[in-house]
Every structure is written in structure tokens, then in C-alpha cells.
Amino acid sequence: MSQSSDWTSAARVVRRMGFGATGREVDAAVARGISTYVTESLAGQAVDDPGVRATPLPHFDDIHRLGRSASASARKRVNAQIGEQLSELTEWWLHRMVAASNPVTEKLTFIWHSHFATSAAKVRTASAMAGQNETFRSLGLGGFRPLAYAMLTDPAMLRWLDGQQNTKKAPNENLAREFMELFALGHGNGYTETDVREGARALTGWRTSPSGTAVLRQAEHDSGTKTVLGVTGPLDAAGFCDAVLGHPASAGFVASRLWQRLAGDAPPSASAAQRLTAAYGPQRDLRALFGAILTDPELAQASAVQSPVEWLVGAHRALHPRVTHADLHYMATTLRGLGQLPFYPPDVGGWPSGQAWLSTAATEIRWDAAMRVAKNAQNPSIVDASPTDRIDAAAHLLGVGRFSDRSAGVLKQSIGNPVTLTAIALNSPEYLTV
């Protein structure tokens, strides 16, 4: 089956705006026009989504934390409760990713989760991780400044980067350092150790309350004069945020970083970076920036390996959209084995990208998962196709357009077995690399 250049371009955009792509989704994008599709999809956040409505965020009761004198059995019981809540949260989000009619919201939420990487392994509070997740969802297409400030005062982030230990008598530099290095400015872009120390002073005093909200305790906040990146004054968290985002290198760093998380594994060219930074503009407009990334002419040459979450969620969206609790548990187990379980990034830098996901160790896990999804498929298009049409049916269903001669040769050996053919298609280079 041959596809037009418009179809191929649309497939590339649809995959980046969600988790995988189906031929039906690509056909719809072609019919609307790629630019219109991008604009309407990014504007569709507020539209009532039946998949979102069917997967409401769970409520998590507070778990009483034990003192040092607690017994081993009591600690074991509390740890089990914490683990159960975090598992429920992870499986809920996987369900939402599969179910959402407009997946761009969840895709961008996942991108922000990797950008402002925070791990439940240390935070260990489902309500705090859920709250951060909702912040990404609600602010992820507005201005970068409100989102960045929200992360500086986010309960999960404060626990993750030791903000709760940051006092005026003993400033803790973790949050200030990572905010500049990884979140908003970039390593080597003009900040010094003095800026880190002064930034830590600006962030002193923030604590999480028993209800899980963040509060500023003025008695522990350093209200003295600080200088961060040339900005001097009685800087607090807001002042520190503005000083960092106001640095000339910040806009280009954010634009390039988001290009690599959404468009391709390699950084944008200098000319593309300039276009993206211009779209981001002085208002730090994230909707405009994401729109520019998805419609930039260099997107056609950008290449990215699907991460495990993108791959597995995309497979379910195409083949098995009505997942059960057992399916969600299996998805979480699979993603843990592949090294990308939501809410558990490996470190503050987030998950890796590129060829790291194509390790030999991951091959068997992916194959087992692909066979399970294929066996439970609720989309019969490959089964119902005649054997001679099944390869083309798989290509269209999975939004890849066509398979290379080499992949088609492998698939041809299984045209009499739709389950195996589907599993091979899900592990083909055309599906794994977008």
C-alpha cells in the first residue's frame, strides 16, 4: 500500500500528539489538514472527552505516618497501604492514556512529568503525586512561568528535591540547582555556584502541610537581599523564578528541550531552534511553542524511538482500548520491566530517549506484551482482512502507512496467523521508530 506525502506527514504528527497512531486517526488528520488538526487538537483540552469522563482521578485518603517507635508490623502495614495507593494511581493514569479520545492532553502531561521528573519512590504519597500530575494537565499549555513557579512550590517536588529541609539557617541547594540546570535554564548557560546558593536562600521556608498542600513558613524563610543571575533584591520563590526565566538563555533551552521530548531524539537545528524560540515568545506561550514544534518543516526529518509508555499505550489504543484491571496491572508490570513506569522516573533528569529503549533485554518483554495485546485484540481489521491484505491492514491500523520490504518479508511468513503477524508488526522498526 502506498501513501501520499500528506498521509506520511500527518502520521508523524498524530504519533507525536498521542501514543502511537491508527490509520483512522491519520485519515482524519489528513482530511482536516495538518495545521488545522494541530490547532484544533491543542485547543481541544477543554472539550468534554468521554474517555476522560470515564476515568476520573481516584481519591486518596491520607495515610498516618508512623513515628520512630512504631513496630515493624505497623510499618509493614503502612508501607503496604502506600504501595497500594501508588499502584492504583499508576494504573489509573495508564487507563486514562488508553481511554482519552483526544490523547494530546495525556501525552503533554507525560512530557511534563519527564521534564519536571519527580519519583514516587521518594515522595511516597499518592495524593501529592496526583496533585502534581493534575498541575501538569491544567497548566501544561499555558505560560511556562505559572507552571515553573507551581513546580517550585509543589508538594511532591519539595519532597523530591529536599525543599522541606531548606531553611534560612541551613539552605538546601537541590531544588535551586536542578531548576536552573534541568528545568528552566540548562547546564553551562551562565549560572554559577553563587547563583545556586543565592537561589536556595530565595526558596527557603516552603513546607508541605498535613493536608498535602504547600505553605510558606515565614519564620524559616530568608527575607534578606540576594542576587541571582544579576537580579538583586529580597528574592523569594517568585523572584527566583523570574530571575531564571528572564535569563537570555532560558527561552532557547526550554524550546530545544521540549523539541527533544516531542519531536525527535536529536536537538533542533539552529534555524529551527530560532523559529521555536520566536513562537514561545516573551509570554513563554507553551501552546504556541508546541504548535510550532508540530508544524515545523524540520519535523519531517526528525526521528525518535518510541518510549515504552508510548509503545504499549499506543498498542492498546489501536487494538484493545477497553482495558480491564488485569490488563492495567499487566501494563504496569511490563513498563516496570522495560524501565519506564509512570511516576517512577530514574532520576531528576527524567527518562532517557533514543536507542536506550531498544536493548536486547527489552526484546522478550516487548514480544510477550505484544502477543498478549494481539490475542486480546478487540479491533478485528487484521483478522477480517484476506491473508494477502493483512500486511497492509496492519500497516494502516498501526498508522505506519507501509512496511519496508524487509519488514514485509518477515510479516509475510505469518499472514496465516493474525495474532503473530500483529505482534511482529508491533515490534517492527516502522512502529518502534516514529
Side-chain angles (χ1 to χ4, degrees), residues 42 44-46 49 52 55-60 62 85-86 88-90 92-97 100 102-164 174-176 178-179 182-184 203 206-216 236-238 240-242 244-245 250 254 257-258 261-262 280 283-287 289-290 309 341-345 348-351:
L42 290 176
Q45 308 301 294
D49 187 317
V52 171
T55 53
L57 178 67
H59 171 75
F60 298 102
D62 291 335
Q85 287 192 350
L86 291 173
E88 182 182 2
L89 177 63
T90 301
W92 161 78
W93 196 13
L94 292 172
H95 195 182
R96 170 70 65 84
M97 290 178 187
N102 180 9
V104 68
T105 301
E106 301 313 312
K107 178 62 171 287
L108 296 182
T109 299
F110 190 69
I111 285 174
W112 287 124
H113 176 38
S114 192
H115 182 85
F116 291 104
T118 306
S119 177
K122 181 176 179 180
V123 176
R124 289 178 55 76
T125 305
S127 58
M129 295 300 298
Q132 186 188 76
N133 189 263
E134 286 289 271
T135 298
F136 293 147
R137 193 171 285 108
S138 63
L139 299 182
L141 274 173
F144 184 68
R145 198 279 184 186
L147 177 60
Y149 176 75
M151 288 301 102
L152 284 172
T153 58
D154 175 74
M157 184 66 75
L158 290 171
R159 294 177 184 176
W160 171 235
L161 291 181
D162 305 316
Q164 299 213 103
N174 283 0
L175 181 52
E178 304 301 0
F179 186 81
L182 294 173
F183 300 162
L203 299 178
W206 283 95
R207 301 290 179 270
T208 56
S209 69
S211 63
T213 59
V215 295
L216 177 62
D236 55 8
F240 170 73
C241 184
D242 291 336
V244 176
L245 268 57
S250 176
V254 172
R257 181 99 164 172
L258 292 179
R261 295 201 181 280
L262 184 61
Y280 183 60
Q283 300 303 314
R284 306 181 183 94
D285 187 335
L286 294 171
R287 193 185 305 271
L289 174 57
F290 283 123
V309 166
L341 183 65
F343 297 111
Y344 293 88
V348 72
W351 285 283

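Position 1 is the first residue of the sequence, and the numbers go up from there.
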Is any side-chain heavy atom of Arg96 closer than 4.5 Å to one of Arg137?
yes
Answer whether the closest heavy-atom distance between the side chains of Met157 and Leu152 falls below 4.5 Å.
no
Just verifying a value: how many Å separate Ile111 CD1 and Glu106 CD, rounded to the nearest 0.5 Å?
12.0 Å
Does Gly140 offer a backbone N or O that forms a donor-acceptor pair with the side chain of Trp112 under 3.5 Å?
yes
Measure the CG-CZ distance between Leu89 and Phe60 for me, rounded to the nearest 0.5 Å.
4.5 Å
With side chains defined as the heavy atoms from C-beta onward, is the minimum distance between Asn133 and Trp92 less than 4.5 Å?
yes
Between Thr213 and Pro155, which heavy-atom pair has the shortest distance, and what is it?
C-CG, 3.9 Å
Are any of the side-chain heavy atoms of Val254 and Arg284 separated by less than 4.5 Å?
no
Candidate list Thr118, Asp154, Thr125, test side chain to side chain donor-acceptor pair (under 3.5 Å), partner Arg159, passing option
Thr125
Which one of Leu262, Leu141, Leu258 satisfies the side-chain contact (heavy atoms from CB on, under 4.5 Å) criterion with Leu289?
Leu258
So does Glu134 have more than 12 non-hydrogen atoms from other groups sitting under 6.0 Å from CD?
yes
CZ of Phe290 to CG of Leu42, rounded to nearest 0.5 Å, is 8.5 Å
Report yes if some heavy atom in the side chain of Val348 is under 4.5 Å from a heavy atom in the side chain of Trp160; otherwise report no.
yes
Are side-chain heavy atoms of Phe110 and Trp351 found at a separation under 4.5 Å?
yes
Looking only at heavy atoms, which two atoms of Glu88 and Pro58 are closest? And how far apart?
OE2-CB, 3.5 Å
Quick check against the 3.5 Å criterion: does Asp49 have a side-chain atom that pairs as donor or acceptor with the backbone of Asn102?
yes
Is the closest side-chain heavy-atom distance between Trp93 and Thr109 below 4.5 Å?
yes
Taking side chain as C-beta onward, heavy atoms only, is Tyr280 less than 4.5 Å from Leu286?
yes
Pair listing, salt bridge (charged side-chain N to carboxylate O under 4.0 Å, His left out) test, anchored in residues 118-128, at least two apart:
Lys122-Asp162
